[in-house]
Amino acid sequence: MYDIEKVREDFPILKRVVNGKPLAYLDNAATSQKPRKVLDALTGYYEQHNANVKRGVHRLSEEATAAYEEAREKVARFLGAPDARGLIFTRGTTESINLVAYAWGRKLLREGDEVVLTETEHHSNLVPWQLAAQVTGAKLRFIPIREDGTLDMDEAERLIGPRTKLVGCVHASNVLATVNQVERLAEMAHEAGALMLVDGAQSAPHLPVDVGRLGCDFFAASGHKMLGPTGVGVLWGRPEVLEEMDPFLGGGEMIREVHLDHSTWNDIPYKFEAGTMNVAQAVGLGAASDYLEELGMQNVREHEKRIGEYAYHRLSEVEDITIYGPEENRTGVVSFTLPDIHPHDLAQLLDEDGIAIRSGHHCCQPLMRRLGVPATARASFYLYNTEEEVDRLVEAVEKAREFFGAFAS
Ligand code: PLP
C-alpha cells in the first residue's frame, strides 16, 4: 500500500507556503524535490568523510573513495546494469550524451554515416549530434511522430538501415508524456549493426528501468530529476563499447601513464571521469536510488499513472483546452495550451495560488514547431503529488480562463 502522506513527510520542502498557499510543486520534469534521506547523505558526507577520492591513503580519503564507489554500485543496480564498470558519473543527461557524441561519435562516425533520432528529442539529444555531424560529415535523420504523439514505427523501420550507426531516442517524452518503444528501436538498431542510445532523463525517475532488458548500448540520466542533488548524473554504457571509445575530457585520474608527448588511459569507467568529480552529489544520488528502491519503482509508476490519468481526465474537461500526447501509456507529464492565454501568463497566475508549473518550449523547439505552438504549459507529477493538488491545478486553470476570457471578449 502506497502511503502518500508518509512519502510527503520525507520531503521537507513540501511544507512550504508560497503566496500564502501550500506549495503544489508540479514542475517535476524540470527537477524533483529531495527527501530527507538524500539531504542527510549530503551533510553526512561533508560532516564525516569529505576528502578527495582515490588520491589519498589517509583514512578520510579511503572513506570518501568507498562512499563514491558504493554510490556507483547502487546506481548501477538501480538501472539494472549488470556491471558497474559501465556506470560513469557525469553532470547529468546533457553531459552524458555529449560524452557519447564526442568520445564515440567524433572517433567513429564517417561521412555518409547516419544517426537516427526522433523529432521529439530534447535539445540535449539533438545539439550534440549536430555538432558531431558537422565535424564528421555524418547525417542526421529523424523518426516522425503520429498525430497522437507516438513514434511512427513504420517510418523508423524505413529510416534505420545499413548507413545507420546510432539510433538515439528519448525513453519518455518531457512534453508529450509518451513512453517510446525503445526496446523495439534497439532491436532495429542492432539488426542494422548500429548502437542504441536512450535518453532516460524522464524515465529513470518514474519507470522501472533495466538497461539489459531495454537492450540499449548507452543510457543517460540526471540525478536531480530522480530525487538526487544537482550536478550529478550518469551515463551507463556497454563496457565493450566504452572500451573502444576515446576519452572525453583529459586530466587527472583518467590516465594510466603520462609522458610529455603522449598518455595512456585508465580502465573504464575512470577513463571518462577526469579531475575531481562531484563526490558528495554522487553519494546523494546513491541515497536517492536507495530511497526509490525502498519505495519500489513499480509502486512509484502506479502512483504516477493514477495521478497522471486523473490530471489528464480532469484537465480534458476544461473548455477549449488542447492536451498534447497520447491518451494512454503516459507518464505523469501533462502539456497543454488554452486559446488566448500565453503559457507564461498562465504559469504566473498559477504561481499566485502557490502552484508551480512550467511554461515554454521545454528545450524541444523542433517538437513545438511540429505541434504548431511556440510554447505549452506543463504540469508534471511525481511520487509525492496528490489528487487534491490536481484539483487545485484544474480550479486555478479554470479561474485563469475566466480572467483572460474577460479580456478576450
Ligand atoms: N532529456 C530530457 C528528456 C529532459 O527532460 C531533460 C531535462 O529537462 C534533459 C534531457 C536534460 O537534462 P539535464 O539538464 O539534467 O542534463
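Every number for a ligand or one of its atoms is a count from 1 in the order of the listing. Worth saying up front: this structure is predicted, and the values here are computed from it rather than measured.
In this structure, H123 has its ring center closer than 6.0 angstrom to the ring center of H361. Proximity of the aromatic rings of Y384 and F11 is defined here by a centroid distance below 6.0 angstrom, and this criterion is met.
Under 4.0 Å is where a charged nitrogen must lie from a carboxylate oxygen, and between K37 and E294 at least one such pair does.
With ligand atoms numbered from 1 in the order given, ligand 1 contributes 1 (N), 2 (C), 4 (C), 6 (C), 9 (C), 10 (C) to contacts under 4.0 Å with heavy atoms of A201. Counting the atoms of ligand 1 from 1 in the order shown, those under 4.0 Å from a heavy atom of V170 are 3 (C). Atoms of ligand 1 lying under 4.0 Å from at least one heavy atom of Q202, given by number and element, are 3 (C), 4 (C), 5 (O). Residue contact check: N174 has heavy atoms under 4.0 Å from atoms 3 (C), 5 (O) of ligand 1.
With respect to atom 7 (C) of ligand 1, the closest heavy atom belonging to the protein is K225 NZ, 2.6 Å. Of all protein heavy atoms, the one lying nearest to atom 16 (O) of ligand 1 is T94 OG1, 2.6 Å. Closest to atom 1 (N) of ligand 1, if we only count protein heavy atoms, is D199 OD2, 2.6 Å. What sits closest to atom 4 (C) of ligand 1 on the protein, heavy atoms only, is H122 CD2, 3.3 Å.
The closest approach between R91 and ligand 1 stays at or above 4.0 Å for every heavy atom of the residue. Contact analysis puts H224 in contact with ligand 1, with a non-hydrogen atom separation below 4.0 angstrom. The shortest heavy-atom distance from S124 to ligand 1 is under 4.0 Å.
Considering backbone and side-chain atoms together, S222 places an N or O closer than 3.5 Å to an N or O of ligand 1.
Remark: K74 pairs with D290 by the side-chain hydrogen bond (donor to acceptor under 3.5 Å, both in side chains) rule, at least two apart or across chains. Under the rule for a side-chain hydrogen bond (donor to acceptor under 3.5 Å, both in side chains), the partners of T90 that lie at least two apart in sequence or sit in another chain are S96.
Proximity of R378 to H362: side-chain heavy atoms (C-beta onward) are separated by under 4.5 Å at one or more points.
Atom-to-atom distance recorded for W129:CH2 and I97:CD1 is 8.5 Å, nearest 0.5 angstrom.
Atom CZ of R163 sits in a sparse spot, with 12 or fewer heavy atoms from other residues, nucleotides or ligands closer than 6.0 Å.
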